[in-house]
Number of protein chains: 2
Amino acid sequence: MKGSKNTNYIPNLSYDCVIFGFNGKTLKILILEYHNTGLFALPGGFIKKNQSLKDAVNKGVEDRTGLTNVFMDQFQIFGKLDRSDPAATRRILDGNNEDLEKNEWMMERFLTVGHYALINYEEVDPKPDHLSDSIGWYDIDNVPQLMMDHNEIVEKALEVLRNNISEKLIGMNLLPPKFTMKQLQQVFEAILDQKLRRTSFQRKMLSMDILERHEKLFEGKAHKAPFLYSFKQ
Amino acid sequence: MKGSKNTNYIPNLSYDCVIFGFNGKTLKILILEYHNTGLFALPGGFIKKNQSLKDAVNKGVEDRTGLTNVFMDQFQIFGKLDRSDPAATRRILDGNNEDLEKNEWMMERFLTVGHYALINYEEVDPKPDHLSDSIGWYDIDNVPQLMMDHNEIVEKALEVLRNNISEKLIGMNLLPPKFTMKQLQQVFEAILDQKLRRTSFQRKMLSMDILERHEKLFEGKAHKAPFLYSFKQ
DNA sequence: TATGTATTGTCTCACTTTATGACAATAATC
DNA sequence: GATTATTGTCATAAAGTGAGACAATACATA
């Protein structure tokens, strides 16, 4: 996008992605901060004219996390008239010494396609892109003020994640390939933001016939070692 | 959009809407046929540059059904590279003696925002728009071949409807304000495409405390008259 | 080596929800 | 007045869930 009129991208349309990770205790999301602006935002970008939406988002997430084959889903397009903020865009371009005139198209109204991604926190090495100072993990209940309507996008993403966790079993994407029952429970608890009963949870998970039991995990702790599990198939 | 370059609309972005109705027996959707083309399609359209996505879709549905305040929700954006079909668009414009050059922008790649709407079948008087020959109801299991990826959009819409019917109680939008328990059950059965148990269904609906019971409905049939219900609030 | 500690896997019992069938009530017909 | 089809509700069985109990066990400590 650097130093050119917009001949490459679909105009007026962007994507944003709420990237969830789980560090064993709390649910986190990736947020980036733009150079010299104090502006926080979700990772996002534009769709090339010869690129599918899916490819565009995958590419964006890969660039920022180094991960490929990330579980990801779009959940809503945000299309309000007043959601864009050209002043903020201008500040970002200014802060990076980008040519304003040549990026005029970015000041227009944008609709954005909201996505969420679930990734294994431990495998990720977030990298800031060329416009950003930093990219980092924030606890889901401690998200700073974000630009435009990005806070609303985060709220919606979390809502969708909560609705989907039980039926679609997508929580697996937040864990390493092998995990203990306790870890699985902690993921559910972090997403739903409520305590679950250990015995009921275990019974339910096992009865669903989706887990494969492996060797035990010896952590060196003074108690019975738990089994490791993976998702079947 | 008639006779102008595209200065009014967001380029490369459209909406399509799967409009569901229920005639008492089967679930139906509205499909339109373009003049002199034999092309069937979902009702859809473009978003004006100074119009929110929601307003655009509401307007489109109102124009075609005469209904305002229709229950509607977006469920997915379709963004594959090859989903557009400029040849079909050209046939539609040709069939209506529209100026091809002035509508050149319509031949570009489009992403579309899929919506579904639920309406009271009996209140609707579908009207073809100026490009269309006819608009009419089709049984959900007897949908003709549609242009572009519209069949896929219908499939997805139905899937989303099925997933949402139980938890979000959106089925009410398919019924008149007052209805019998049997009618309500028939809506569920049509959407889920499976028989439900009368007693369990009734008990569940009543236990949810969402229905208000009214006078009985005397249909002139030789059996006990059922109560009429409406949704609370 | 023996004992203590924290956590795990599983079981039990009470309680709630759901499935399935039974049955009386009733609006219209014969 | 008897018949018919459907409705509203109850009875019982089956399945699922909540809450706690308890033995098993991996390691720490003595």
Side-chain angles (χ1 to χ4, degrees), chain A residues 22-25 162-163 165-169 171-172 175-232, chain B residues 22 24-25 162-163 165-169 171 175-232:
Chain A
F22 179 68
N23 72 344
K25 290 186 178 171
R162 282 184 180 151
N163 287 335
I165 181 68
S166 312
E167 55 195 45
K168 294 189 185 168
L169 290 168
M172 55 185 281
L175 290 170
K178 288 185 181 179
F179 48 85
T180 65
M181 190 61 75
K182 182 165 201 171
Q183 284 178 294
L184 184 60
Q185 184 177 342
Q186 283 169 326
V187 169
F188 272 72
E189 290 178 336
I191 291 174
L192 299 174
D193 193 28
Q194 62 176 2
K195 277 277 171 200
L196 300 176
R197 250 151 255 290
R198 183 180 65 92
T199 52
S200 299
F201 181 81
Q202 175 136 339
R203 182 176 41 188
K204 186 163 189 180
M205 285 299 139
L206 292 178
S207 74
M208 284 201 289
D209 197 38
I210 50 167
L211 296 179
E212 199 149 353
R213 182 177 277 185
H214 302 281
E215 74 280 12
K216 292 192 165 203
L217 169 67
F218 297 91
E219 296 170 285
K221 298 283 178 58
H223 55 74
K224 195 170 175 177
F227 286 108
L228 284 171
Y229 295 90
S230 67
F231 283 92
K232 278 189 179 173
Chain B
F22 179 69
K25 290 187 177 170
R162 281 184 180 149
N163 287 335
I165 181 67
S166 314
E167 56 195 43
K168 294 188 185 169
L169 288 169
L175 289 170
K178 288 186 181 178
F179 47 87
T180 65
M181 190 62 76
K182 182 164 202 172
Q183 284 179 296
L184 185 59
Q185 184 177 342
Q186 283 170 327
V187 168
F188 273 72
E189 290 179 337
I191 291 174
L192 299 174
D193 194 27
Q194 63 175 1
K195 277 279 169 196
L196 301 175
R197 245 153 253 290
R198 185 179 64 93
T199 53
S200 298
F201 182 79
Q202 175 137 340
R203 179 161 36 88
K204 186 164 188 179
M205 286 297 139
L206 292 178
S207 74
M208 285 201 288
D209 198 38
I210 50 167
L211 295 179
E212 199 150 351
R213 181 177 277 187
H214 301 282
E215 74 279 12
K216 292 192 165 200
L217 170 66
F218 296 91
E219 296 171 285
K221 298 281 177 63
H223 56 75
K224 196 170 175 177
F227 286 109
L228 283 171
Y229 295 90
S230 68
F231 283 93
K232 278 188 180 174

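The chains referred to below are lettered A, B, ... by the order of the sequence lines, with proteins before strands, and numbering in each begins at 1.
- The shortest side-chain heavy-atom distance between A:L211 and A:F231 falls under the 4.5 Å cut-off.
- One atom, CG of A:L217, and another, C1' of C:dG9, lie 15 Å apart when rounded to the nearest Å.
- One atom, CG of A:L206, and another, P of D:dT17, lie 13 Å apart when rounded to the nearest Å.
- Legend: side chain to side chain donor-acceptor pair (under 3.5 Å) pairs involving residues 211-227 of chain A, not counting sequence neighbours, sorted by first then second residue: A:K178-A:E215, A:R213-A:Y229, A:H214-A:S230.
- The side chain of A:R203 lies closest to C:dT12 when the candidates are C:dT10, C:dT12, D:dG8.
- Note: CD (A:E215) to P (D:dA26) measures 14 Å, nearest angstrom.
- Rounded to the nearest 0.5 angstrom, B:S200 OG and B:M205 CE are separated by 11.0 Å.
- Judged as a side-chain hydrogen bond (donor to acceptor under 3.5 Å, both in side chains), and not counting sequence neighbours, the contacts of B:K232 are B:D209.
- With rounding to whole Å, B:F227 atom CZ is found 14 Å from D:dT6 atom C1'.
- Near DNA chain C, meaning a heavy atom under 4.0 Å from it, residues 187-202 of chain A has A:R198, A:T199, A:Q202 in order of number.
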What nitrogen or oxygen pairs link the protein and nucleotides 12-14 of chain D at under 3.5 Å?
none

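- Straight-line distance from the CE atom of A:M205 to the C1' atom of C:dT10: 17 Å, rounded to whole Å.
- As a whole-Å value, the separation of A:K182 NZ from D:dA26 P is 17 Å.
- The closest side-chain heavy-atom distance from A:M172 to A:I210 is not below 4.5 Å.
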Under 3.5 Å, which donor-acceptor pairs link side chains of residues 182-198 of chain B to any protein atom two or more places apart or in another chain?
| unit_1 | atom_1 | unit_2 | atom_2 | d |
| --- | --- | --- | --- | --- |
| B:Q183 | OE1 | B:T180 | N | 2.9 |
| B:Q185 | NE2 | B:E189 | OE2 | 3.1 |
| B:Q185 | NE2 | B:L196 | O | 3.0 |
| B:E189 | OE2 | B:L196 | N | 2.9 |

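- As a whole-Å value, the separation of A:D209 CG from D:dG16 P is 14 Å.
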Do any N or O atoms of the protein come closer than 3.5 Å to N or O atoms of nucleotides 27-30 of chain C, and which pairs are they?
| unit_1 | atom_1 | unit_2 | atom_2 | d |
| --- | --- | --- | --- | --- |
| C:dA27 | O4' | B:H223 | O | 2.9 |
| C:dA27 | N3 | B:H223 | N | 2.8 |
| C:dA28 | O4' | B:K221 | O | 3.1 |
| C:dA28 | O3' | B:G220 | O | 3.3 |

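- Rounding to the nearest 0.5 Å places CZ of B:F218 at 10.0 Å from CG of B:L228.
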